[in-house]
Visitor: 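My structure is below; once you've seen it, I'll send some questions.
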Protein chains: 2
Amino acid sequence: MTEDLSPQAAGRRVGIADVAARAGVSLGTASKALNGRGNLREETRARVRAAAEELGFAPNTNARSLLSGRTFTVGIITTDSYGRFSIPVMRGAEDSLAAGEMIAFLCDSRDDPIREQHHLRKLLERRVDGIIVAGRRTDERRPLGRDLPVPVVYALAPSSDPDDCNVVSDERGAARLAVDHLVKTGRRRIAHITGPHSHASARERADATIEALAGHGLRLVGEPYFGSWTEAWGRFAAAQLLRAHPDVDGVFCGNDVVARGVTDGLREAGVSLPMQVGVVGVDNWALVAEAARPPLTTVDLGLEEIGRRAAELLIAAIDGHPQPGRHVVAGHLVVRES
Amino acid sequence: MTEDLSPQAAGRRVGIADVAARAGVSLGTASKALNGRGNLREETRARVRAAAEELGFAPNTNARSLLSGRTFTVGIITTDSYGRFSIPVMRGAEDSLAAGEMIAFLCDSRDDPIREQHHLRKLLERRVDGIIVAGRRTDERRPLGRDLPVPVVYALAPSSDPDDCNVVSDERGAARLAVDHLVKTGRRRIAHITGPHSHASARERADATIEALAGHGLRLVGEPYFGSWTEAWGRFAAAQLLRAHPDVDGVFCGNDVVARGVTDGLREAGVSLPMQVGVVGVDNWALVAEAARPPLTTVDLGLEEIGRRAAELLIAAIDGHPQPGRHVVAGHLVVRES
DNA sequence: TTGAAAGCGCTAACAC
DNA sequence: GTGTTAGCGCTTTCAA
């Protein structure tokens with residue numbers, strides 16, 4: 001007789017005891033058969049497996065972890081409501097986790113420390129094996145907590161404690177990739193338009209831009225243009241730049257949104273792209289980069305890879321091989337037409 | 001003596017037995033004290049609570065659910081890698097779930113039925129109390145499975161089985177809101193530019209547009225322009241539209257990306273916005289709507305609300321009050337300058 | 001090769 | 001008021 005699996009029958013589910021009874025063996029034997037442990041006659045194993053199949057038996061992971069002490073779950077706490085940055089990170093993380101038969105609990109802290117602590121407590125009550133904290137900005141953040149009973153890995157936004165395990169993007173490398181590309185395509189008078197000076201990524205990329213240019217024996221055209229991460233700022237800054245330095249022939253932008261604004265600003269000022277001026281962005285945000293005219297050449301920071309690495313490092317830590325410190329994931333240039 | 005809570009000490013965590021010992025009471029008493037059950041002296045309760053506090057006791061949810069049969073977890077299966085549409089849905093769902101002390105497992109099926117079934121099995125093994133399936137398109141999808149032991153709610157993409165519980169956006173209402181707004185602001189010659197005819201949402205919005213116009217005694221200018229959900233299509237279609245119907249004074253676009261393309265196309269053809277032509281989009285995708293020139297008036301489909309409703313309906317179903325059928329969530333107009 | 005029994009951390013009857 | 005015991009579903013000794 002087949003179990004009734006109608007939606008309301010959630011209460012009574014088939015357990016290993018049912019399988020054992022059906023196969024005419026003891027409970028322990030059924031367990032061994034299904035898990036490939038112990039020494040059993042092949043025929044017994046087959047009989048148990050058949051019974052499990054027939055009854056649609058699904059082992060109760062929770063009961064199992066009660067004994068093993070491991071739940072094969074991790075918590076992912078994001079600070080930005082699964083926005084632009086955490087999404088790829090989460091997807092990468094899920095990738096690596098699934099490979100280890102693990103699954104993630106989702107927690108959105110909305111940048112609220114109170115909420116974050118609440119989630120932390122709930123995750124610990126559920127006995128997660130570890131926690132990934134996915135940030136939105138590359139600025140340092142305060143640690144999740146001290147002396148936590150499970151390992152924690154910070155993705156994108158590193159913890160201010162250098163002994164924590166952090167996986168971060170290569171901000172300086174991104175600037176280098178962009179500058180190298182501009183120089184390689186013949187640009188010599190290169191400017192930098194970016195976001196707010198208060199953002200670590202804006203500052204770091206600006207510094208690294210100057211340094212990378214120096215490596216080519218070049219100087220930045222004007223000062224870095226700090227502003228906001230908006231198209232409007234990009235358009236505005238482009239106009240300003242053109243007025244101050246009409247001979248500019250390359251612009252590295254702090255991100256794609258700004259870069260799109262810059263391309264619009266330049267184009268509307270009569271500059272022909274990419275002939276007169278080359279533009280490079282950062283993020284490889286398809287929606288923005290592909291819609292720009294011309295489509296943007298940009299640096300992909302490898303967010304998904306950051307998620308994957310974070311999950312791998314977390315799993316390693318769970319397995320007793322913590323690797324504290326700063327793990328830098330390299331980005332790569334995506335060449336389009338700009 | 002305080003427990004060592006260093007990352008590697010995950011094995012031995014303080015349990016309710018430790019708390020009981022520390023407070024000098026029996027295990028059962030400690031349980032009652034911490035859960036507010038039974039009749040205990042207030043002093044005893046306090047003593048137990050103090051002990052729990054001191055030891056940093058966190059109850060093991062899994063052990064608890066082993067007994068209660070409920071895990072207070074749900075699975076969220078998304079088909080689109082937490083993209084544009086599932087994100088707000090997930091956030092809304094998490095909102096409602098948290099209110100019921102529930103937490104969500106994250107599963108990304110990437111539109112792959114095999115992967116989806118794999119996740120389903122894993123979720124059932126973990127004894128989730130229910131499942132939310134969050135889609136990307138409003139087209140119907142095949143059901144997750146038949147005779148599942150837990151309730152399922154479909155968000156955004158409804159199941160093809162009308163007896164399933166679906167929470168969907170109000171596609172026709174969105175078109176009505178847009179048309180009403182255009183008419184109210186004095187537009188009379190209104191066209192419709194949208195995405196691919198193969199998308200249910202494009203077809204439904206187009207139909208409803210014609211109907212809504214008829215309600216005002218108006219007829220659509222030309223046929224609906226079906227194309228793709230891209231800016232380039234929006235620009236192209238705007239130019240075409242202008243050539244065929246130079247006197248058009250309003251355009252309702254199938255989504256914000258197309259609408260942004262349309263505004264660019266019109267503006268670049270010398271049309272002054274919003275004076276000569278009014279444009280309305282759908283999605284209220286801030287990034288796109290705010291960056292457009294002028295910023296887009298658009299219909300917000302209430303995706304977050306869809307997520308919230310879905311979670312509420314799921315919780316109701318878990319509590320034995322299933323509400324099968326199609327639950328339509330109303331959108332609202334967000335007026336900007338276009 | 002299989003079965004019986006103990007126990008993972010907790011709650012809920014029932015005794016005292 | 002508080003302690004004792006059984007048992008949730010499973011794995012794992014150890015005995016047969």
Side-chain angles (χ1 to χ4, degrees), chain A residues 3 10-49 51-52 55-73 101 124-129 149, chain B residues 3 10-49 51-52 55-73 101 124-129 149:
Chain A
E3 277 284 317
R12 181 73 192 99
R13 295 255 272 265
V14 8
I16 200 171
D18 304 284
V19 174
R22 161 76 114 160
V25 297
S26 79
L27 211 153
T29 304
S31 171
K32 285 170 209 155
L34 293 173
N35 294 302
R37 308 276 167 82
N39 287 356
L40 300 186
R41 238 187 314 156
E42 190 45 50
E43 188 266 327
T44 314
R45 263 187 222 292
R47 197 148 37 90
V48 173
R49 269 199 292 263
L55 298 176
F57 168 70
N60 184 329
T61 315
N62 291 326
R64 186 181 272 180
S65 61
L66 193 53
L67 210 44
S68 70
R70 278 201 51 182
T71 56
F72 289 91
T73 60
E101 293 281 275
L124 293 178
E125 286 179 4
R126 290 185 183 276
R127 295 297 186 267
V128 292
D129 294 332
Chain B
E3 277 283 318
R12 181 73 192 101
R13 297 255 272 265
V14 7
I16 199 170
D18 303 283
V19 175
R22 161 76 115 162
V25 297
S26 79
L27 210 153
T29 304
S31 171
K32 285 171 209 153
L34 294 174
N35 294 303
R37 310 276 167 82
N39 287 355
L40 300 186
R41 238 186 314 156
E42 190 44 51
E43 189 267 325
T44 313
R45 262 186 223 293
R47 196 148 37 90
V48 173
R49 268 199 292 263
L55 297 176
F57 169 71
N60 184 329
T61 315
N62 291 327
R64 186 181 272 179
S65 60
L66 193 54
L67 205 49
S68 71
R70 279 201 50 181
T71 57
F72 289 90
T73 59
E101 292 281 274
L124 293 178
E125 287 180 3
R126 291 185 184 277
R127 295 298 187 267
V128 292
D129 294 331

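Lettering of chains follows the sequences in order, A, B, ..., and the numbering in each one begins at 1.
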Visitor: If you only use heavy atoms from C-beta on, which nucleotide in dG9(C), dC10(D), dT1(C) is closest to the side chain of Leu27(A)?
Guide: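 In terms of side-chain proximity for Leu27(A), the closest of dG9(C), dC10(D), dT1(C) is dC10(D).
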Visitor: Of the options dG1(D), dC10(C), dG9(D), whose atoms approach the side-chain atoms of Phe57(B) most closely?
Guide: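 The nucleotide sitting nearest to the side chain is dC10(C).
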Visitor: Output the single nucleotide from dC10(C), dT11(D), dT2(C) whose closest atom is nearest the side chain of Ser31(A).
Guide: dT11(D)
Visitor: Any side-chain N or O of Arg37(B) below 4.0 angstrom from OP1/OP2 of dT11(C)?
Guide: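 Result: no.
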Visitor: Counting side-chain heavy atoms from C-beta on, which of dT2(C), dC10(D), dC10(C) comes nearest to Arg64(B)?
Guide: dC10(C)
Visitor: Does Ser26(A) put a side-chain nitrogen or oxygen below 4.0 Å from OP1 or OP2 of dA4(C)?
Guide: no
Visitor: State which residues pass side chain to side chain contact (heavy atoms under 4.5 Å, CB included) with Arg127(B); sequence neighbours excluded, sorted by chain then number.
Guide: Arg13(A), Ala58(A), Asn60(A), Asn62(A), Thr71(B)
Visitor: Looking at dC10(C), dC8(C), dT1(C), which one has an atom nearest to any side-chain atom of Thr44(A)?
Guide: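 Between dC10(C), dC8(C), dT1(C), the one nearest the side chain of Thr44(A) would be dT1(C).
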Visitor: Using five base pairs at each end, measure the axis-to-axis angle across the helix from dT1(C)-dA16(D) to dC16(C)-dG1(D) and round it to 10 degrees.
Guide: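 Answer for the end axes of this duplex: 50°.
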Visitor: Within a strict 4.5 Å, meaning less than it, do heavy atoms of the Arg22(B) and Val14(B) side chains meet?
Guide: no
Visitor: Looking only at non-hydrogen atoms, find the nearest pair between Arg64(B) and Pro59(B) and report the distance.
Guide: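 Result for this residue pair: NH2-CB, 3.9 Å.
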Visitor: Specify the separation, in whole Å, of atom CG of Leu40(B) and atom P of dA12(C).
Guide: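 Leu40(B) atom CG is separated from dA12(C) atom P by 13 Å.
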Visitor: With heavy atoms under 4.0 Å as the rule, sort Asn39(B) into base, sugar-phosphate or nothing.
Guide: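 Base: the residue Asn39(B), judged by heavy atoms under 4.0 Å, touches a nucleobase.
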Visitor: Would you classify Asn35(A) as touching base, sugar-phosphate or nothing, given that sugar-phosphate means primed atoms plus P, OP1 and OP2, and contacts are heavy atoms under 4.0 Å?
Guide: sugar-phosphate
Visitor: Counting only distance, no hydrogens or angles, is the base of dG3(D) paired donor-acceptor with the side chain of Lys32(B) under 3.5 Å?
Guide: yes
